[in-house]
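So the structure is just underneath, and the comments pick up after that.
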Amino acid sequence: MENTECASEPDLELSEDSFGLDSNYTPEEIQRVQNEARQADGDTQVPQTQVPQTEVPQTDPESTKKRKKREKMTSKYWQYFIRGETKEDGFYEAKCKFCGHTYDMGNGRGTGSLMHHFIKACEKVPKAMRHKPSALQKMLQAGTTTAPALDVWEFNQMKCRKGLARMVVAHDYPFNCVNHYFLREFLRDLQPQFKVPSRNTLRADCLNIYAEEKDMLYDLFSKLDCKFSFTSDLWSNKGRDRGFMALTCHYIDESWKLHKRVIAFCPLPSPHTGKNIADAIYEKLVLWNLDKKALCLVLDSSSANDACVKELLSGPILDTLPADGQLFHQRCGCHVLNLIVQDGLDVLDGEIKTIRETMKYIRHSQSRMEKFKRAVAQVKAPDKKPAWDVQTRWNSTYLMLQLAFELRKAIERFAVLDKNPELVAGLDWNKLKALLDCLKVFYDATLTLSGTKYPTLNLFFPEFCEVCLNIKKMRNSNYPFIVEMSLQMYAKWDKYWTGGNMLLAIACVFDPRSKLGVVEYYIKEMYPNDYDTFMANLNNCINALFKDYEKAYNRQSQEQIGSSSQQVR
């Protein structure tokens, strides 16, 4: 039997490290565990080991109060999260009420993550809740006329309805556009609080805007002391069973800026006689209180319009017109040019009709257009599409002829590819080039006189005189058809020159770039035999106009003196 001795094992020493680095046991608990371990080994005398006393940090009363305040969940974003139970380590979860996403909170963590999740991260939060501004939050409101400024933004249902109505009026949208599904969806996404009005409500809003704008325009006219010029025209619908009249006023404000406003667009019952037109125009002038501020009326050249002017001049409006109504009736310059050129183009009606039909033939089908593109590439012509004109507008006819002359080689090549030689039969491109050279003066004058953003009255006289001189030069052309055109054009020109030219000459005299010398030059060139008579009438008319303005100025001066004397008293 082997005698063996067991080596005595050393005393088991337990320290704080034996419980792990992250132990949360107190020193008293460590001492108790060590004593129990020695008793289990038979050591009755448990040595009193000195357990190092750890320093317990002294808590600041103020920090404790702050921690308690944070635990009360004072942030407004806690209303959108569910707080879980606090764990042993002091952490707890915050669960989103909308998407269920959780965040670890506690131990001094702030609510910044909750705020970011609610405002930006969570996709299930309603937009109305996310972007609802508080009373203290200021948003940048950018205006179109003023500089952006910080201000408290508030939703306004009436303002949005008015903006919608203005959009419908400005872009000619139908009233039932508010019933369109995707428009309603779009407006709902922009602002869920906006209630889309019905069709009848939108119509009422548009009428209210019209009434407001009408009152504002009436007040503006009452404050202006200038003279007003008017243009009027008549339209008929497709069935020609109803006619409409438009009346536009033109004026220059105190800053010398040109303005125009449509003051009437109304149905005009038939028959469209001179008396009916005159009654309708005078009724609108009285309605806007402009009958005593009228200077001139521009109308198209027709017998009904001539009778309309006679009816107006026989009424009470004559007493307030400058120069005893000598400047009242004016003919539309662009309309006169259109009539003159249309009479001249009748000489080449066959050639123009051939070019028009050729353009239509090429654009009739896609296969012909492909052949034409091939022809353009072969002859290296300009890459332009054929187009035809509107027969009632001579300037569109001029553009069609100019385009045909630029594409002449391509058109001839297309006739070969299409095996249709009759397409260009009878076309003389030299005659077309001579016609374009003569019509260019008329086209340039039309562009100049059609301006709407600058005064054109001072430009009419020299432009019209250049047209007249060009017609006379056409008599010396080598082409007989040009000579024949000039004779027909001059007959039409002389008919419309006899009336309505005095105001054009006065405007040219008042232009500091022209003055009286330009008028004298053109009259000597056009009508040398009538030079003395014309200049005498011009002088008398300017003197009469000066006396009228002198009376108006003296009357205003006396009124101002009378008002100032009453204030002194």
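- In this structure, Pro322 and Leu545 approach most closely via the heavy-atom pair CB-CD1, 3.6 Å.
- Residues satisfying the side-chain contact (heavy atoms from CB on, under 4.5 Å) criterion with His364, sequence neighbours excluded, are Arg368.
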Cut-off 3.5 Å, no hydrogens considered: what does the side-chain donor-acceptor table look like for residues 524-531, sequence neighbours left out?
| residue | atom | partner | partner atom | Å |
| --- | --- | --- | --- | --- |
| Tyr527 | OH | Trp493 | NE1 | 3.4 |
| Tyr527 | OH | Asp494 | OD1 | 3.1 |

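- Residues passing the side-chain contact (heavy atoms from CB on, under 4.5 Å) test with Asn543, sequence neighbours excluded: Asn539.
- The ring-ring contact (aromatic ring centres under 6.0 Å, His included) search around Phe546 returns none, not counting sequence neighbours.
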Checklist entry - Please walk me through it: do Ile281 and Phe230 pass side chain to side chain contact (heavy atoms under 4.5 Å, CB included)? => result CA-CA 10 Å; Ile281 292 177; Phe230 302 93; over 6 Å; no
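- Within 6.0 Å of atom NZ in Lys373, 12 or fewer heavy atoms from other residues, nucleotides or ligands are found, so the atom counts as exposed in its surroundings.
- To the nearest 0.5 angstrom, Lys284 atom NZ is 12.5 Å from Leu290 atom CG.
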Enumerate donor-acceptor pairs with a distance under 3.5 Å from any side-chain N or O in residues 244-253 to protein atoms, sequence neighbours excluded.
| residue | atom | partner | partner atom | Å |
| --- | --- | --- | --- | --- |
| His250 | NE2 | Thr231 | OG1 | 3.2 |
| Asp253 | OD1 | Ser255 | N | 3.1 |
| Asp253 | OD1 | Trp256 | N | 3.1 |
| Asp253 | OD1 | Lys257 | N | 2.7 |
| Asp253 | OD2 | His259 | NE2 | 2.9 |

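- In summary, Asp444 and Lys440 engage in a salt bridge, as defined by a charged side-chain N under 4.0 Å from a carboxylate O.
- Panel note: side chain Trp388, backbone Glu357; no donor-acceptor pair is recorded below 3.5 Å.
- With salt bridges taken as basic N to acidic carboxylate O contacts below 4.0 Å, none links Asp349 and Lys353.
- Using a 4.5 Å cut-off on side-chain heavy atoms (C-beta onward), Asp300 and Leu234 make no contact.
- Residues Asn537 and Met502 are in side-chain contact: their nearest non-hydrogen atoms beyond the backbone lie under 4.5 Å apart.
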With a cut-off of 3.5 Å and sequence neighbours excluded, list every side-chain donor-acceptor pair involving residues 393-404.
| residue | atom | partner | partner atom | Å |
| --- | --- | --- | --- | --- |
| Ser396 | OG | Val390 | N | 3.1 |
| Ser396 | OG | Val390 | O | 3.0 |
| Ser396 | OG | Arg393 | O | 2.6 |
| Thr397 | OG1 | Asp389 | OD2 | 2.6 |

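- A salt bridge is absent between Lys473 and Glu466; no separation between the charged side-chain nitrogens and carboxylate oxygens falls under 4.0 Å.
- Every residue meeting the salt bridge (Lys or Arg N to Asp or Glu O under 4.0 Å) condition with Lys384, not counting sequence neighbours, appears here in chain and number order: Glu406.
- Contact of the Val519 side chain with the Ser514 side chain is not registered, since no non-hydrogen atoms from C-beta on lie closer than 4.5 Å.
- For the pair Asp437 and Lys433, the salt-bridge criterion is met [side-chain N within less than 4.0 Å of a carboxylate O].
- For residues 400-436, no pair satisfies ring-ring contact (aromatic ring centres under 6.0 Å, His included), with sequence neighbours left out.
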What side-chain donor-acceptor pairs closer than 3.5 Å can you find for residues 482-489, not counting sequence neighbours?
| residue | atom | partner | partner atom | Å |
| --- | --- | --- | --- | --- |
| Ser486 | OG | Val483 | O | 2.5 |

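- At least one donor-acceptor pair under 3.5 Å links the side chain of Lys293 to the backbone N or O of Leu224.
- For Pro462, the side-chain contact (heavy atoms from CB on, under 4.5 Å) partners two or more places apart in sequence, or in a different chain, are Cys508, Tyr522.
- Under a cut-off of 6.0 angstrom, the local environment of CZ in Arg199 is sparse, with at most 12 non-hydrogen atoms contributed by other residues, nucleotides or ligands.
- Residue Thr354 comes nearest to Leu423 through the heavy atom pair CG2-O, 4.1 Å, listed as atom of the first residue, atom of the second, then distance.
- For Ser314 (side chain) and Glu311 (main-chain N/O), a donor-acceptor pair under 3.5 Å exists by modelled atom type.
- Applying the ring-ring contact (aromatic ring centres under 6.0 Å, His included) rule to Phe534 yields no partners; only residues at least two apart in sequence or on another chain are considered.
- Checked against salt bridge (Lys or Arg N to Asp or Glu O under 4.0 Å), Glu351 has the following partners two or more places apart in sequence or in another chain: Lys431.
- A distance-only check finds a donor-acceptor pair linking the side chain of His272 to the backbone of Leu268 [under 3.5 Å].
- Side-chain atoms of Asp511 come within 3.5 Å of backbone N or O of Arg513 as a donor-acceptor pair.
- Taking each heavy atom of Val376 and Ala410 in turn, the nearest pair found is CG2-CB, 3.7 Å.
- Without hydrogens or angle criteria, Asp291 side chain to Ile317 main chain gives no donor-acceptor distance under 3.5 Å.
- Rounding to the nearest 0.5 Å gives a distance of 9.5 Å between CG of Leu504 and OG1 of Thr456.
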